Amino acid sequence: MSSEKPTNSSRRALLKAGAVIGAISGAGLKLKPAGAAPPVPVAPLSREVKYQALGVGRERADGMLKIQGGARYAIEHNQDNMVYGVIVQSTIASGTISGIDSTEASNYPGVLAVYSHQDNLKLNPAKVFLKGGAATEAFTPIQDNKVKFNGQHIAIVIAETFEQATHAASLVRVTYQPTEAILQPEDTRTKPQPIDALNVEWGNAHQAMDAAAVVVRSTYTTPRNYNAPIEPHACIASWKDDEMTVWEPTQWVGGARQVVSEWMGISIEKVRIISPFTGGGFGSKVSPHAHVALACLASRELGRPVKVSLTRQQTFSGYGGRPRTHQELSLGARADGTLVSIVHKGWNETSIDDVHLEPTNSVTPIMYACDNVWARHSIIPVNTVNPGWMRAPGENPSTFALEVAMDELAYELNMDPLELRMRNWADHDHKMKKPWSTRRLREAYRAGAEAFGWSARTPAPGSMRRGRELIGWGMAAGTYPILRSPAEARVIIYRNGQIDVESGGVDIGTGTYTILAQTVAEVLGVSSRQINVRLGDTSLPRSPLAGGSQLANVLTGAVHKTASALKERLITLAIALPSSPFYQSERSAVSVSDGQVYLQRRPGNGITFARLLELADRDFVDAKENTYKPGASEQDRYDAAHTFTQIQMPDAFETSSHSWSAQFVEVAVDEDFGTVRVKRMVGAFDSGRVYNPRLAESQWIGGMVMGLGQALLEEGMLDPRDGRVTNASFADYVVSVNADVPDIKAISVGIPDLQASALGGKAVGELGIVGVAAAISNAVFHATGKRVRDLPVTLDKLI
Ligand code: MCN
Ligand code: MOS
């Protein structure tokens, strides 16, 4: 990525001042109250601020490129001789294709080919992640005449222009022999499959429930949700000299490379994935989907680059969103609020012959202390596109049920919901029977409650009206686990002084470019604005996925190690080079900072990195490092970058590491119309050490906004006659927009957790959404006395 113009100096000065004050108050120094003017602190600029290094909320490194159109997304990499593919989707949910008549389409001007199952173009199914691969679904398009869901890709039309391909696609005539589809998990013909690996059980939960003084028992449901990234799914595939290059917006170039090589039956070295920018994915771009397979097939057949962009409508069945979930949850407690039993049974829908898991019982066993817990999860296959990951898969619905149930219990007990949560504080991980690494959830409760003004809440439903509006205050807790994977990195200093960082990891809008520059700045003592970061290409050092909110911790760790190795290399060069002023100096006497190598006792006499390279007559000096475990085989290294098998969950460590949060929400409900508006949101987050407060805040807020959409607006709908998604557009599948976004505040309460990650950070990306829907539903109960357990909370459920 090219370096951007410096921001104007006044703005920078302000930023610096802000960061200094932040650092002072963070260090616990008391600023004098107003009155006599306090002495102005003339603290020297901290190292972080000076170099805009980790810990400083500097602006996004790729911000200018994005604003000015310099950031080129996948399908903006137009190729010479490129053609366009438009996909034809099935219009039934189950059955067989009895005929495809593509005569008219083929004869249309500009059309080069219409490919369907009749052409016998072979694609191998890619290995799915649950079996140690990288794919989200085993489904491969146009391999046979079977239709398993409405909106399945059944043909692709290739033409010289996009318009020609679009029109020709409408001319393809398909006839079907439909069979009866199973569309909804409630259908009595479904065959639920218990997932025993997700069973949780200790104590005797059923017995303890029977004996409990107070019991709340309810059913909670969440509908199909869609990821809805601003950049729709679209790619360019180019087959040339027996090699496949794909410009694909992805969360993981290594996974995409693996999947494409499996589909095409070619060795991995023959596949290159390029993904410098991704316009959001929220889980849907972890692995490539069926349209990418079609683009690759067509390019190989025609020997020309092929661009395939799904229309927004097609994205609603081109990959799955969050599946429907259903949870029966019972909480048993003593009269003083102590939980004595949790019994939890849930399911999620999956496609008819692929497995997708949305574990509804992931949070229930760990959030609170409880001696008796029983939890089960099943999947129910239906005729749908295979569902996929969407921000906090599992934790999201699990927390919705648990945190609404806790609110119900609080009302049963006549107790403040916050107090009930404190009463059931889990001082260790009861599931793993391990201590937490850090758990600043109490701090999150306190900071969130204080910023929100929770103590002014009157508990009775309907007791806080404002004119015609019923005001409700609700809260919920949230969590997300720390995932860990190894990665590689390279840092290079060139003779002209340029410093580059290279990683195959991606920035999907999160801030990877920025925090990796800040990591090198911390180590080498150079402004992060002078460091170029190159990401998102399988030709760069290998990286795991931007998923499971792991990438920031994974890559800052790898880059820090690499930059430190490079620093040592610079010192070695400086003391070994006869022409260097530090020739034969004591190693410990030489330091690196301010873009210079210098003797600690004579800091003014340093030489720049560029000068050192010139003296050494070298074009560059670099370091390549990795964070593989000692003795990792080449297979392990390969797997870490191309499969899910090397990801470590909290249970692999001596302490259990999770991020934690507390969400507080104010809603206003119109008494007559039942319309719900969120007025204020406060989230307090324990994500450990925060690498860039501004970016982390933007992530947390982004999650809260997405949670608001989930709570009040988002619900995928199917036509009961044919299984078509009836609201497959942004006009009908409504996500939250600026007008829905209230006064939102995100507070960090984390402290560095060196057991969770190399540099002390914990997860950020998915944490912000967890618990939001529960807090909103709880606030609506407080406002109206109506308990909504089925998302979204729409007005029909309130009047
Ligand atoms: N960060 C930080 N301090 C930390 C950890 C993270 O300042 N201790 C900040 C950094 O700016 C970092 C960002 O938070 O770039 C996200 O870091 P992390 O939590 O490690 O998440 P990933 O980089 O692995 O990104 C994936 C994550 C997931 S899994 C989903 S889903 C999601 C999310 O990020 N999808 C997103 N946030 C998204 N944001 C955007 N804009 N688009 C998506 O598709
Ligand atoms: Mo995030 S749903 O783990 O990509």
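Just so you know, these numbers come straight off a predicted model, no measurement behind them. Whatever order the structure lists ligands and atoms in, that order sets their numbers, starting from 1.
Looking at ligand 1, you'll find an N or O of Val764 within less than 3.5 Å of one of its N or O atoms. Inclusion of Gly281 in the set of residues having an N or O under 3.5 Å from an N or O of ligand 1 is warranted. For the pair Ile515 and ligand 1, the shortest N or O to N or O distance does not fall below 3.5 Å. For a threshold of 3.5 Å applied to N or O pairs, the pair formed by Ala546 and ligand 1 contains no separation below that value.
For atom 3 (O) of ligand 2, the closest non-hydrogen atom on the protein side is Gly548 N, 2.7 Å. Annotation: atom 34 (O) of ligand 1 to nearest protein heavy atom, Thr510 CG2, 3.5 Å. Nearest protein heavy-atom neighbour of atom 4 (O) of ligand 2: Gln251 NE2, 2.8 Å. Among protein heavy atoms, atom 27 (C) of ligand 1 sits closest to Gly765 CA, 4.0 Å. In this structure, the protein non-hydrogen atom closest to atom 28 (C) of ligand 1 is Glu766 CG, 3.8 Å. Closest to atom 1 (Mo) of ligand 2, if we only count protein heavy atoms, is Glu766 OE2, 3.1 Å. Atom 17 (O) of ligand 1 has its closest protein heavy atom at Ala552 CB, 3.5 Å.
With a 4.0 Å heavy-atom cut-off, ligand 1 is reached by no atom of Lys285. If you look at Leu545 next to ligand 2, there are no close heavy atoms at all, none under 4.0 Å. At a heavy-atom cutoff of 4.0 Å, ligand 1 is contacted by no atom of Met390, backbone or side chain. Residue-level proximity to ligand 1 for Arg689 is carried by the backbone, the only part with a heavy atom below 4.0 angstrom. Only the backbone of Arg391 comes within 4.0 Å of ligand 2, judged by heavy-atom distances. Contacts with ligand 1 closer than 4.0 Å are made by heavy atoms of both the backbone and the side chain of Arg391.
Checked against the 6.0 Å centroid criterion, the rings of His658 and Trp436 qualify as a close aromatic pair.
Checking Tyr319 against Gln314 by side-chain atom types alone, no donor-acceptor pair falls below 3.5 Å.
Using bins of under 30°, 30° to 60° and over 60° for the plane-to-plane angle, the ring pair His77/Trp247 lands in the parallel bin.
Using a cutoff of 4.0 Å between basic side-chain nitrogens and carboxylate oxygens, Arg224 and Glu714 are not scored as salt-bridged.
Closest non-hydrogen pair, Gly132 versus Thr645, comes out as CA-CG2, 3.6 Å.
Residue contacts with ligand 1: Gly702 is excluded, as none of its non-hydrogen atoms falls under 4.0 Å. Not close to ligand 1: Gly688, with no non-hydrogen atom less than 4.0 angstrom away. At least one heavy atom of Ser687 sits closer than 4.0 Å to an atom of ligand 1.
Counting the atoms of ligand 2 from 1 in the order shown, those under 4.0 Å from a heavy atom of Val286 are 4 (O).
Panel note: side chain Ser309, backbone Ala234; no donor-acceptor pair is recorded below 3.5 Å.
Comparing Ser549, Pro752, Gly761 against atom 18 (P) of ligand 1, the shortest heavy-atom distance belongs to Ser549.
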